[in-house]
Amino acid sequence: MSKFKRRLRRGAKRASDAVVGATAIGVLKALRALDPNGTANAAGWLTRSIGPLLPEHRIGRANLKAAFPEKSPEEIETILRGVWDNLGRVGAEFAQLDRLWDFDPAQPERKGRIELSSDNIKRFEQLLYDGKPALIFAAHLANW
C-alpha cells in the first residue's frame, strides 16, 4: 500500500507543478499585453494588500526588529509595506523586461525609465566606435 501512496503523491505533485507552471506562464503572457506602468502599480497594490497576511510578513518583521532594534514598530511596518510593493512591481515588470529599455541615443535628454549621465553616454559611444573589444561590468544593487 505504501508504494501505491508514493506513486499517487508523486503523480499529484507532478500534476500540481504542471498547473502552477502553466498558470505562471499564463500570468506572464497576460501581463505582457498590459501597460507596464499600470501593471506595476496594480501589482504593487496587490502585494501590499496580501503580503501582510502571509507568514513571511511576520518573519520579515522579526528580522527587521533584530537588525534594527532602534526602529519603531511604525517604521518597521513602513519598510515591510515597501518590500511588498517592490516585490509586486518587480514581478509585474519581469514580464516586460525586453520593453523596459527606452533610452533613445538620438534624444538623450528625454527622460524615460533608463537614466544615463552624458559622461556615461560618451564612454559607451567611445567603446562602441573605437573598433576594439571591451568588457563591461555592471551591477544593479538598488532593487531590494
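Residues forming a side-chain hydrogen bond (donor to acceptor under 3.5 Å, both in side chains) with Thr78 (at least two apart in sequence, or on another chain): Arg81. Under the side chain to side chain contact (heavy atoms under 4.5 Å, CB included) criterion, Lys29 pairs with Ile25, not counting sequence neighbours. Residues passing the side-chain hydrogen bond (donor to acceptor under 3.5 Å, both in side chains) test with Arg89 are Asn41, Asp85, sequence neighbours excluded. Applying the side-chain hydrogen bond (donor to acceptor under 3.5 Å, both in side chains) test to Glu74 and every residue at least two apart in sequence or in another chain returns Ser72. With sequence neighbours excluded, the residues that form a side chain to side chain contact (heavy atoms under 4.5 Å, CB included) with Arg61 are His57, Arg58, Lys65, Ile76, Glu77, Leu80. With sequence neighbours left out, the side chain to side chain contact (heavy atoms under 4.5 Å, CB included) criterion links Ile136 to Phe124, Leu127. Judged as a side chain to side chain contact (heavy atoms under 4.5 Å, CB included), and not counting sequence neighbours, the contacts of Ala95 are Leu28, Leu31, Arg32.
Here the shortest heavy-atom pairing between Pro52 and Ser49 reads CD-O, 3.8 Å. The minimum heavy-atom distance linking Ala43 with Ala92 is given by the pair CB-CB, 3.6 Å.
Under a 3.5 Å cut-off, the side chain of Thr47 and the backbone N or O of Trp84 do form a donor-acceptor pair.
To the nearest 0.5 Å, atom CG of residue Leu64 and atom NZ of residue Lys71 are 9.0 Å apart. Atom CD of Gln126 and atom CD1 of Ile121 lie 14.0 Å apart (nearest 0.5 Å). Summarising the geometry, atom CD belonging to Glu125 is positioned 11.0 Å from atom CG belonging to Asn120; distances are rounded to the nearest 0.5 Å.
Evaluation of the salt bridge (Lys or Arg N to Asp or Glu O under 4.0 Å) test over residues 35-47, restricted to residues two or more places apart or in two chains, returns none. Applying the side-chain hydrogen bond (donor to acceptor under 3.5 Å, both in side chains) rule to pairs touching residues 13-23 yields Lys13-Asp17, sequence neighbours excluded. For residues 1-10, no pair satisfies salt bridge (Lys or Arg N to Asp or Glu O under 4.0 Å), with sequence neighbours left out.
Cluster membership for Val27 and Phe94, using ILVMFWY side-chain heavy atoms within less than 4.5 angstrom, is not shared.
Apart from Tyr129 itself, the hydrophobic cluster it occupies contains Leu128, where clustering links Ile, Leu, Val, Met, Phe, Trp and Tyr at side-chain heavy-atom distances under 4.5 Å.
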